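First comes the structure, then the notes that go with it.
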There are 2 protein chains.
Amino acid sequence: MVIVKRTIFLYGLALAILVIIMRMIEYRFLVRDLTLEFYIGLVAMFFTGLGVWVGLRFTRKKVVIINPEFRFNEKEQTERGISKRELEVLELMAKGMANQEIADQLFVSLNTVKTHSSNLFSKLEVNRRTQAVQKAKKLNLIP
Amino acid sequence: MVIVKRTIFLYGLALAILVIIMRMIEYRFLVRDLTLEFYIGLVAMFFTGLGVWVGLRFTRKKVVIINPEFRFNEKEQTERGISKRELEVLELMAKGMANQEIADQLFVSLNTVKTHSSNLFSKLEVNRRTQAVQKAKKLNLIP
DNA sequence: CATCAAATCACCCGAAAGAATGAGTGGGAT
DNA sequence: ATCCCACTCATTCTTTCGGGTGATTTGATG
């Protein structure tokens, strides 16, 4: 998981930078009394945001809700060679999301989403997202 | 959103407690040199965790139910002022047809179809055909 | 170790979709 | 007769899609 390593690295880097900034601010404002709370508040806010991002970034397993009688057709998926990622894209596509929105949701680039959807279309033998959603529903790949 | 308020409250509380703890530690260890980095590291870790938790907490799904048998919702149609022609376009749209195909099917021009779909989108409060189809199904305007 | 599939991202380009605006026509209602 | 409205179509412009191609990285598999 190089991406994990990279994230940890970035995390450490952010921490280091923050410490430096704090140090710089410290020498100028330590005389005042609000410093500690102020620092902590800043750090807390920043890392809360970071935490949210990290949390979402590595939590792609989501609980999607379904209509009562839906049985996922694993056979179709394997026979057509549809990957999990492609399925994820398909699901978001079925929600009416644009490629860019899907990209944001999955934390990947627009181009990646395009690649996935393109492969998906050929595997589903369609050439439009609306048709893909339709066919996927018919094949019980999505609820 | 009472749950959001509570979370904000807890957030503030955590912040306050942290400040207090920091203060307490401060008076005992400020003499040493590791303090600032140490503090920041602690705060950062804590709030990163909190951020992850918050991020996950509010990213869980909502339930959508799909309807087995179809009863056309006339009320929605009239309330939203959707015309018959717009409905026709909507139905063909739901079949995954492109605007040009719809135009050919209805013996009108491409521009006309675009106009209809545009009006349809605003009446359905969406801005993409996929979303329109979705919403129309939810509103029982199409099966 | 070599190989393969999955996932990621990039670049190009043409086609389709959508937003905004304006406008002409015909059928009902008043 | 006049007014309203659905329907029709056009033009312009911007954004999004989708096809095609190629590249890198990583995990798994043999």
Side-chain angles (χ1 to χ4, degrees), chain A residues 1-10 56-61 74 77-136 141, chain B residues 74 77-136 141:
Chain A
M1 290 284 254
V2 80
I3 195 163
V4 172
K5 280 187 213 154
R6 192 170 56 194
T7 298
I8 291 175
F9 171 73
L10 288 176
L56 296 182
R57 181 73 178 78
F58 295 107
T59 308
R60 48 188 53 152
K61 36 95 167 110
E74 212 167 319
Q77 189 205 352
T78 54
E79 275 179 3
R80 292 175 183 269
I82 299 174
S83 69
K84 314 131 218 73
R85 207 51 163 167
E86 284 161 356
L87 261 189
E88 292 186 82
V89 171
L90 177 59
E91 285 161 12
L92 298 182
M93 203 176 271
K95 288 188 179 177
M97 294 175 73
N99 283 340
Q100 185 58 65
E101 294 173 331
I102 299 176
D104 295 342
Q105 177 91 22
L106 298 181
F107 296 99
V108 297
S109 82
L110 173 61
N111 287 313
T112 302
V113 175
K114 282 177 157 200
T115 301
H116 285 320
S117 57
S118 229
N119 295 332
L120 198 51
F121 291 162
S122 57
K123 287 173 184 175
L124 290 178
E125 299 165 275
V126 299
N127 41 30
R128 267 189 287 288
R129 60 212 292 103
T130 42
Q131 295 179 336
V133 171
Q134 250 205 187
K135 188 142 188 178
L141 292 171
Chain B
E74 211 168 319
Q77 190 205 351
T78 55
E79 274 179 2
R80 291 177 183 269
I82 299 174
S83 70
K84 314 128 218 75
R85 207 53 164 167
E86 284 162 355
L87 260 189
E88 293 187 81
V89 172
L90 177 58
E91 284 160 13
L92 298 183
M93 204 177 269
K95 288 187 180 177
M97 295 174 73
N99 283 340
Q100 185 58 65
E101 295 172 329
I102 298 176
D104 295 342
Q105 178 90 21
L106 298 181
F107 297 100
V108 296
S109 83
L110 173 60
N111 287 313
T112 302
V113 175
K114 282 179 161 195
T115 302
H116 285 320
S117 55
S118 232
N119 295 332
L120 198 51
F121 292 163
S122 57
K123 286 172 184 175
L124 290 177
E125 298 166 276
V126 300
N127 41 31
R128 265 188 287 291
R129 60 210 295 103
T130 42
Q131 295 179 336
V133 171
Q134 247 206 178
K135 187 142 189 179
L141 292 172

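In this text, all values refer to a predicted model and were calculated from it rather than measured experimentally. In what follows, chains are A, B, ... by sequence order, proteins preceding strands, each numbered from 1.
- Atom pair B:K114:NZ and D:dT8:P shows a separation of 16 Å (rounding to whole Å applied).
- To the nearest 0.5 Å, the span separating CZ on A:F121 from CD on A:Q131 amounts to 9.0 Å.
- Atom CG of A:L90 is separated from atom P of C:dA6 by 16 Å (rounded to the nearest Å).
- Each of C:dA6, D:dC17, D:dA10 was ranked by its minimum atom distance to the side chain of A:K84; first place goes to C:dA6.
- Along DNA chain C, the nucleotide closest to A:E86 and the one closest to B:T130 are compared, and the more 5′ of them pairs with A:E86.
- Nearest to the side chain of B:N111, among D:dA10, D:dG19, D:dT8, sits D:dA10.
- Phosphate contact (OP1/OP2 of C:dT8, side-chain N/O of A:S109, threshold under 4.0 Å): absent.
- Looking at B:R80 and B:L124, their side chains come closer than 4.5 Å, going by heavy atoms from C-beta outward.
- Between B:N119 and A:V126, the one whose closest nucleotide on DNA chain D sits nearer the 5' end is B:N119.
- D:dC17 atom C1' lies 11 Å from atom CD1 of A:I102, rounded to whole Å.
- The shortest distance between side-chain heavy atoms of A:E88 and A:I102 does not fall below 4.5 Å.
- Comparing B:N127 and A:T112 by the nucleotide of DNA chain C whose heavy atom lies nearest to each, the residue mapping closer to the 5' end is A:T112.
- Considering only side-chain N and O atoms, A:N99 lies under 4.0 angstrom from the phosphate OP1 or OP2 of D:dC17.
- Nearest to the side-chain atoms of B:R128 among the listed nucleotides C:dG18, C:dA7, C:dC9 stands C:dG18.
- Among C:dA19, D:dA6, D:dT8, the nucleotide with an atom closest to any side-chain atom of B:H116 is D:dT8.
- Residues B:L106 and B:H116 are not in side-chain contact: their nearest non-hydrogen atoms beyond the backbone lie 4.5 Å or more apart.
- In this structure, CG of B:L110 is placed 14 Å from P of C:dA19, rounded to the nearest angstrom.
- No N or O donor and acceptor, one from the side chain of B:T115 and one from the base of D:dC7, sit under 3.5 Å apart.
- Using a distance-only test at 3.5 Å, with no hydrogens or angles considered, a donor-acceptor pair links the side chain of A:E101 to the main chain of A:A98.
- Regarding contacts with the backbone of C:dA7, a side-chain N or O of A:S83 is found under 4.0 angstrom from either OP1 or OP2.
- Atom CG of B:L92 and atom P of C:dA17 are 13 Å apart (whole Å).
- Closest to the side chain of A:R129, out of D:dC9, C:dA16, D:dG18, is D:dG18.
- For A:F121, taking side-chain heavy atoms from C-beta onward, the closest of the listed nucleotides D:dT16, D:dA10, D:dG18 is D:dG18.
- For the pair B:E88 CD and D:dA6 C1', the interatomic distance rounds to 12 Å; values are reported in whole Å.
- Between the CD atom of B:Q100 and the P atom of C:dG18 there is a distance of 14 Å, given to the nearest Å.
- If you measure from atom CD of A:Q77 to atom P of C:dA6, you get 11 Å, rounded to the nearest angstrom.
- Proximity of a side-chain donor or acceptor of B:S117 to a complementary backbone N or O of B:V113 within less than 3.5 Å is detected.
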